[in-house]
Amino acid sequence: MITAQAAGQLQAINEQLTARKIVNVVSAERIRELPDESAAAAVSRLPGISIQNGDQIVIRGVEAKYNTVTVNGIQLPSTTLNRTTGLGFISANMLSSIEVAKTVTPDMDANTIGGNVNLRLREAPEGLHYDALVFGDYNTQDHTADNYRAWASVSNRFWNNRLGVFLQANARRFNGGGDIASATWAELPQADPVAGRRPYGLNQYDLEDQVNIDNEYGASMLVDYRLPNRGKLILQNTYSAEEFDNVSFIDRLYLTTGERRFRINRVIGSRYLLVNALQGEHWLGDVAKVDWALSHAKSRRKDDLGYETEFAGTNYFQGQPLTYWTSEDQSSPLNCSRERQVQWATAAPSTKISGSGGWSGPLTSGCPLR
């Protein structure tokens, strides 16, 4: 297993060693070996990378909104309201490699503060190739069986392998969720920092049940033409979309007052990402190289329905202020009461639409120094 992974990563390791910046590269072989359903999950396996809000990339602790995401060097627009780009609905199967730059260089865009994640799309190899993958699963926690994932691709090269076409499509449905328990602790008044005694008491406990239903689908087409002078023309079109229905049920206990609150949050909406680009690489003899690109990128998120409902009740149990709590009180069961008072409040449904996009066309050139 170690030998197979090293062979697949050989080119990626060479790119890391010869790079003029701190960079991590993951090859297509390594991506296919791991059971990652999205590009965000694949990137999160790299050192120094973490995930924020489920699908946003944090590089070396720098918040996601200060990092940029590109596809074949074309910067993606924001998929949220705070200039971050989510990768949760971009399939990992369409990628040939992932390159994460952890330092800023002069050739990067000015809005790159922390780092850059570059997703490279797969080009067509020689000959006719086609792949298909379909599988499903059963969620034992939520007892759902309508989860599936499908992916298919076809590629070929024409005109003496000068013209290559790669087409792929993917779909995924996830019907599941998770249970999250959290607690809030406060310092008890009998703390003695000088003597090293600092007891804490539990004053709030939350139990959250999440139910998420996501339907994702996408497609990409990459056409490349190899020029006689080692140059290349690339036309890429990428589309990814997601429809989501996310519900959160929160049961919150205020242990010092005996109050209990039930909250329901729900958001139903959709989002999509569209990237079109024409790129060129040209060599002027063996001296200079010129790269150019003309691109259009657009993203949009629409919340069709969003509401929040909260029920507040008192006298669910006998609360105690932290001033009188001891270690015995922390471990004893709650004294529940049958007498309850319930109040409720709800927020009106809302519809939100956000999006961004635009045209761009970078031109770069350079000469090798010997």
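For this chain, numbers begin at 1 and follow the sequence in order.
Counting non-hydrogen atoms of other residues, nucleotides and ligands closer than 6.0 Å to OH of Tyr138 gives a total above 12. Surrounding OH of Tyr66 are at most 12 heavy atoms belonging to other residues, nucleotides or ligands under 6.0 Å away.
The CG atom of Asn265 sits 4.5 Å away from the CD atom of Glu308 when rounded to the nearest 0.5 Å. One distance of note links OH of Tyr272 with OH of Tyr217; it measures 11.0 Å at 0.5 Å rounding. With rounding to the nearest 0.5 Å, the separation of CG in Leu273 from OG in Ser240 is 6.0 Å. The structure places CD1 of Ile250 at 6.0 Å from CZ of Arg263, a figure rounded to the nearest 0.5 Å. Here CD of Glu123 is found 5.0 Å from CD1 of Ile234. Values are rounded to the nearest 0.5 Å. With rounding to the nearest 0.5 Å, the separation of CD in Glu310 from CZ in Arg252 is 7.5 Å.
Trp159 and Tyr225 have perpendicular rings, their planes meeting at more than 60° on a 0 to 90° scale where under 30° would count as parallel.
Here the closest heavy-atom approach between residue Ala183 and residue Tyr205 is recorded as CB-CD1, 4.2 Å. Arg261 and Ala312 make their closest contact through NH1-CB, 3.5 Å (heavy atoms, listed as atom of the first residue, atom of the second, distance). Scanning both residues, Trp292 and Leu278, for their nearest heavy atoms gives CZ3-O, 3.6 Å.
The shortest side-chain heavy-atom distance between Trp151 and Arg172 does not fall under the 4.5 Å cut-off. Taking the side chain as every heavy atom from C-beta outward, Ile98 and Leu119 approach each other to under 4.5 Å. In this structure, Thr309 and Phe311 have side chains that are in contact, with non-hydrogen atoms separated by less than 4.5 Å. In this structure, the side chains of Leu255 and Asn203 stay at 4.5 Å or more apart for every pair of heavy atoms. Counting only heavy atoms from C-beta outward, the side chains of Ile59 and Ile49 approach each other to under 4.5 Å. You'll find the side chain of Asn67 stays beyond 4.5 Å of the side chain of Val117, heavy atoms only.
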Original post:
When you look at Thr68 and Asn116, which way does the side chain to side chain donor-acceptor pair (under 3.5 Å) test go after all the steps?
Top reply: CA-CA 5 Å; Thr68 56; Asn116 172 261; 2.9 Å; yes
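Although no hydrogens or angles enter the test, the distance criterion places no donor-acceptor pair under 3.5 Å between the side chain of Asp251 and the main chain of Leu207. Between the Asn72 side chain and the Leu121 main chain, a donor and an acceptor come within less than 3.5 Å of each other. The backbone N or O of Gly73 lies less than 3.5 Å from a partner atom in the side chain of Asn118, making a donor-acceptor pair.
Counted by atom type alone, Asn175 and Asn147 present zero donor-acceptor pairs between their side chains at under 3.5 Å.
Under the side chain to side chain donor-acceptor pair (under 3.5 Å) test applied with Asp224, the options Arg157, Arg162, Lys232, Gln236 reduce to a single match, Arg157.
Legend: residues meeting salt bridge (charged side-chain N to carboxylate O under 4.0 Å, His left out) with Asp245, ordered by chain and number and at least two apart, are Arg266.
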